[in-house]
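Inspection log for the structure reproduced underneath, given as structure tokens.
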Amino acid sequence: HLRGPAMSDENVTISMLKQRALRFRDARRWRQFHNPKDLVLALVAEAGELCELVLWKDHAELEAELREPPARSRFADELADVQNLLLLLVDALGLDLSDEFARKLEANELKYPVEKASGRALKYTELD
């Protein structure tokens with residue numbers, strides 16, 4: 001099992017999480033249903049459930065709610081569902097999530113140079 005007192009982002013790798021997600025899937029023989037299209041749609045559906053948790057709440061209401069264990073637990077559950085589907089999708093596509101994240105972050109560093117983007121919520125095309 002991955003769960004335990006020493007489990008944290010500091011000592012669990014993406015590969016370990018992906019292997020756990022794949023074992024869960026494979027034990028249920030669900031791989032046949034996990035094509036990229038359906039995984040993308042499921043990922044969007046789970047992200048929509050996360051959106052429902054913030055819908056119609058202002059910043060102060062949301063902050064107060066997130067201080068309460070039941071709300072934090074609901075958020076954690078939805079985030080875990082999103083992460084699970086993301087890991088299954090990168091596996092289905094044969095991608096290395098860490099490598100793709102690093103590549104994209106490097107591209108974003110070029111699009112959003114600190115001297116132009118710092119403290120500004122603008123799209124890169126609007127920074128000039």
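For this chain, numbers begin at 1 and follow the sequence in order. FYI, side chains are in, hydrogens and waters are out, and symmetry mates aren't considered; it's all heavy atoms of this structure. Source: prediction; values computed, not measured.
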Q: Check the pair Asp91 / Arg31 against side-chain contact (heavy atoms from CB on, under 4.5 Å), numbers first and verdict last.
A: CA-CA 11 Å; Asp91 179 72; Arg31 186 178 195 147; 4.2 Å; yes

(Q) Using the rule given for side-chain contact (heavy atoms from CB on, under 4.5 Å), can you reason through Glu49 versus Val82, listing the C-alpha separation, both sets of side-chain angles and the distance that settles it, and then say yes or no? (A) CA-CA 10 Å; Glu49 290 181 23; Val82 167; over 6 Å; no

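Taking the side chain as every heavy atom from C-beta outward, Glu68 and Glu65 never approach each other to under 4.5 Å. By the 4.5 Å heavy-atom criterion applied to side chains, Leu62 and Leu53 are not counted as neighbours. Side-chain contact between Lys104 and Asn108 is present, with at least one heavy-atom pair separated by less than 4.5 Å. Counting heavy atoms from C-beta outward, Val54 and Phe75 have side chains that approach closer than 4.5 Å.
Both tests pass for Arg28 against the ring of Phe24: distance under 6.0 Å to the centre and angle within 45° of the axis.
Annotation: the span from Glu78 atom CD to Ser73 atom OG amounts to 10.0 Å, rounded to 0.5 Å. Atoms CG and CD, on Leu86 and Gln83 in that order, are 7.5 Å from each other to the nearest 0.5 Å. A distance of 12.5 Å separates CE of Met16 from CG of Leu87, quoted to the nearest 0.5 Å. In this structure, the separation between NZ on Lys116 and CD on Glu126 is 13.0 Å, given to the nearest 0.5 Å.
Across Asn84 and Ala21, no two heavy atoms sit closer than the pair OD1-CB, 3.2 Å. The heavy-atom pair separating Leu122 from Tyr112 by the smallest distance is O-CE2, 3.4 Å. Considering every non-hydrogen atom in both Asn35 and Asp38, the closest pair reads ND2-OD2, 2.7 Å. Nearest heavy atoms, Pro113 versus Leu110: CD-O, 3.6 Å. Closest approach of Leu85 to Leu43, counting heavy atoms only: CD1-N, 3.8 Å. Looking at every heavy atom in both residues, Lys111 comes nearest to Leu127 through O-CD1, 3.8 Å.
One hydrophobic cluster, built from ILVMFWY side chains closer than 4.5 Å, holds both Leu95 and Val40. Linking ILVMFWY side-chain heavy atoms closer than 4.5 Å, directly or via other members, places Leu39 and Leu17 in a single hydrophobic cluster. Linking Ile, Leu, Val, Met, Phe, Trp and Tyr whenever their side-chain heavy atoms come within less than 4.5 Å leaves Leu22 and Trp30 in two separate clusters. In terms of hydrophobic clustering, with Ile, Leu, Val, Met, Phe, Trp and Tyr side chains grouped at heavy-atom distances under 4.5 Å, Leu41 and Phe33 are assigned to different clusters.
The hydrophobic cluster containing Leu105 also includes Phe101, under a criterion of side-chain heavy atoms closer than 4.5 Å among ILVMFWY residues, counted directly or through chains of members.
By the 4.0 Å N-to-carboxylate-O rule, Glu100 lies close enough to Arg103 to be salt-bridged with it.
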